[in-house]
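Below you'll find the structure, written out as structure tokens, and then a few comments.
As the structure is a computational prediction, the values presented were derived from the model and not from experiment. One-based numbering, in listed order, for ligands and for the atoms of each. Both backbone and side-chain heavy atoms feed into the values below; hydrogens, waters and symmetry mates do not.
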Amino acid sequence: MMNTSDARQIVDRLLREVSKSVIGYEQEVKLLFACLIAGGHALIEGYPGLAKTTLVKAFAKALGLSFSRVQFTPDLLPSDITGSLIFNPKIGDFEVRFGPIFANIVLADEVNRAPPKVQSALLEAMQEGQVTIGGKSYELPRPFMIIATQNPIELEGTYPLPEAQLDRFMIRIKLGYPSEDIELKIAEDIDLGNVNSINTVVSKEEIDTLQSLMRSVYVDRSITRYIVNLIRATRNTRDVKLGASPRAARYLVSWLGLGRCLMVGIT
Ligand SMILES: Nc1ncnc2c1ncn2[C@@H]1O[C@H](COP(=O)(O)OP(=O)(O)OP(=O)(O)O)[C@@H](O)[C@H]1O
Ligand SMILES: [Mg+2]
């Protein structure tokens with residue numbers, strides 16, 4: 001049976017490996033990992049050139065998970081993400097061509113640059129864990145996590161995610177510019193920024209075990225009630241346009257279990 005120190009040791013291994021490619025993102029890697037274990041999806045916001053893509057690639061590779069990346073553009077179609085039926089003249093019939101969504105970690109780069117129809121195909125997959133191609137449903141692989149990125153400055157020609165869609169993300173990570181020391185290292189070290197040397201340091205079994213460990217953490221009713229009250233209060237304050245959903249309450253309870261089993265300092 002895994003205990004919290006085993007869990008911490010897995011997190012340390014992951015951090016060490018990812019830092020071969022990207023530096024200064026320990027807290028972000030912990031948050032992404034916690035989100036993966038809790039079965040959530042993440043939204044990363046940050047200016048260009050902060051190593052967002054490299055961070056996600058290194059993260060997936062260190063975990064030995066399949067990875068795909070979709071660059072969102074105004075002309076993207078929902079089927080470019082989910083997949084489509086193509087006619088195969090050899091067999092004289094249609095066959096399924098699975099889209100890039102069929103991966104453990106899907107990087108949806110610049111998610112706000114594609115129109116709502118495409119965004120909703122993505123968000124549907126996030127919630128349902130399955131997609132429909134040509135009228136038939138297909139299960140997505142497990143674990144399954146969307147990491148979407150969004151550039152905070154580009155407003156022209158973009159389609160900001162509506163509040164209802166933001167609700168489907170478990171966490172939002174805002175990346176800032178690095179400290180001077182770190183920026184100096186990035187500028188000097190030419191090995192940073194590529195993921196070629198990243199090895200798989202966490203096994204699928206370890207991920208599975210952490211997921212069941214998280215589910216088994218006892219959360220007292222008094223704490224759950226506190227969380228529910230907190231969530232309900234967000235709907236009754238004039239400072240908040242749209243309050244948090246029951247799903248948000250569920251997410252917070254999961255976070256709590258995670259804090260205990262991963263010791264990632266989630267507050
Ligand atoms: N914290 C960091 N650690 C290591 N390398 C970094 C870091 N920040 C920036 N870089 C460097 O910046 C380059 C760009 O990285 P990357 O393409 O991942 O950025 P991005 O945020 O995805 O950019 P864009 O917004 O244009 O997609 C990399 O080659 C990397 O060397
Ligand atoms: Mg990028």
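- Enclosure of atom CZ in F98 by more than 12 non-hydrogen atoms of other residues, nucleotides or ligands within 6.0 angstrom is indicated.
- Looking at N104, its side chain does come within 3.5 Å of a backbone N or O of P143 through a donor-acceptor pair.
- Side-chain contact check for D181 and S179: no donor-acceptor pair (N or O, by modelled atom type) lies under 3.5 Å.
- Between L122 and A108, the closest heavy-atom pair is CD2-CB, 4.1 Å.
- Near ligand 1, residues S21, V22, I23, Y25, P48, G49, L50, A51, K52, T53, T54, I186, L192, G193 each place a heavy atom inside the 4.0 Å sphere around the ligand atoms.
- Around the Mg ion (ligand 2), the protein contributes the following N, O or S atoms under 2.8 Å, ordered by chain and number: T53 OG1.
- Heavy-atom contacts from other residues, nucleotides or ligands closer than 6.0 Å to CZ of R97 number 12 or fewer.
- When side chains are defined from C-beta on, I147 does not count as touching L55, because their heavy atoms never get closer than 4.5 Å.
- E17 contributes a side-chain N or O that, together with a main-chain N or O of N199, makes up a donor-acceptor pair within less than 3.5 Å.
- Under the 4.5 Å side-chain criterion, counting only non-hydrogen atoms from C-beta, Y251 is not in contact with I171.
- Residues R225 and N229 form a side-chain contact, since some pair of their non-hydrogen atoms from C-beta on lies under 4.5 Å apart.
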